[in-house]
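To start, the structure under review is shown below, and the notes come after it.
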Amino acid sequence: GAGVSQSPSNKVTEKGKDVELRCDPISGHTALYWYRQSLGQGLEFLIYFQGNSAPDKSGLPSDRFSAERTGGSVSTLTIQRTQQEDSAVYLCASSPQAGGFTDTQYFGPGTRLTVL
Amino acid sequence: AQTVTQSQPEMSVQEAETVTLSCTYDTSESDYYLFWYKQPPSRQMILVIRQEAYKQQNATENRFSVNFQKAAKSFSLKISDSQLGDAAMYFCAYRGAAGNKLTFGGGTRVLVKP
């Protein structure tokens, strides 16, 4: 079946602009994750959604970052007033369920964000 | 908080030879899961192998195997009969049994020489 898809593949924006990154998880997966991969910080957890539960936002670096998941499927990560330090690859992952060994996360190809 | 350390920024291996990547972690939890992911230039993270902490038997997936030493908090990956397609960044990752997020190491770049 289809894997996790993300769009756009690459995004170049100007400092101060807002951007939206999209993630389509694997069909049937109830858990969805966002991570950020940057040269200075490595791979960092940002946010996690599980079904209809309140998301775990503990990894969001500032209030400029937000995410939503509509209908338990597609997710959008929004970065407001982008800064140059937001430049990174944003990775989305999904898993069949939260917890347990079967909760292996499958990743999308990422969105490379460049803030000029 | 859990931490994952990969002490080798880069490893080089001759095609058909074996290479071992190191990973150590720090946790106070007794039950958890460990993973190795491969990230080729395409950026997509691909699961290589996974291990449950309560299992003493080391996981094996074809040419990939792990050496899991729970007491030492060590989780190394061995790639046997290395192929050109194995060239990539390899990340070790930890997840608590009750948790959700993955904590990643800094990665090891594997170069395969023909």
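Below, chains carry the letters A, B, ... as their sequence lines are ordered, and counting in each starts from 1. Just the heavy atoms: all of them, side chains too, but no hydrogens, waters or symmetry mates, feed the values below.
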Which atoms of A/S58 approach chain B - backbone, side chain, both or neither, heavy atom under 4.5 Å: neither
Within 6.0 angstrom of B/K78 NZ, more than 12 heavy atoms from elsewhere: no
Under 3.5 Å donor-acceptor, B/Q44 side chain and A/G110 backbone: no
Whether over 12 other heavy atoms sit under 6.0 Å from A/L39 CG: no
Heavy-atom neighbours of B/K38 NZ exceed 12 at 6.0 Å: yes
Which portion of B/L47 sits near chain A, non-hydrogen atoms under 4.5 angstrom: side chain
Non-hydrogen side-chain atoms of B/L102 and A/Q105 separated by less than 4.5 Å: yes
Chain A neighbours within residues 14-26 of chain B, where any heavy atom lies under 4.5 Å away: none
Shared hydrophobic cluster, B/V4 / B/I49 (ILVMFWY, side-chain heavy atoms < 4.5 Å): yes
Residue B/Q57 excluded, over 12 heavy atoms near CD under 6.0 Å: no
Chain B contact via A/E44 - which portion, at a heavy-atom distance below 4.5 Å: neither
hydrophobic_cluster_shared for A/Y90 and B/M89, side chain cutoff 4.5 Å: no
Side chain to side chain, A/R112 and B/R43, heavy atoms closer than 4.5 Å: yes
Over 12 non-hydrogen atoms of neighbours within 6.0 angstrom of CG in A/N10: yes
Contacting region of A/L46 [heavy-atom separation from chain B under 4.5 Å]: neither
Linked, directly or transitively: B/F75 and B/V48 (ILVMFWY side chains, under 4.5 Å): yes
Side-chain heavy-atom pair B/M45, A/L43 within 4.5 angstrom cut-off: yes
Distance-minimising heavy-atom pair for A/Q37 and B/F91: NE2-CZ, 3.5 Å
Hydrophobic cluster membership, A/Y35 vs A/I79, 4.5 Å side-chain cutoff: no
Among the listed options A/P109, A/G108, A/G42, the residue most often paired with chain B at heavy-atom distances under 4.5 Å: A/P109
CZ/B/R109: more than 12 non-hydrogen atoms of other groups inside 6.0 Å: no
Hphob cluster co-occupancy, B/I79 + B/V66, side-chain heavy atoms under 4.5 angstrom: yes
Sub-4.5 Å side-chain heavy-atom contact between A/F45 and B/T103: no
Side chain to side chain, A/T104 and B/R50, heavy atoms closer than 4.5 Å: yes
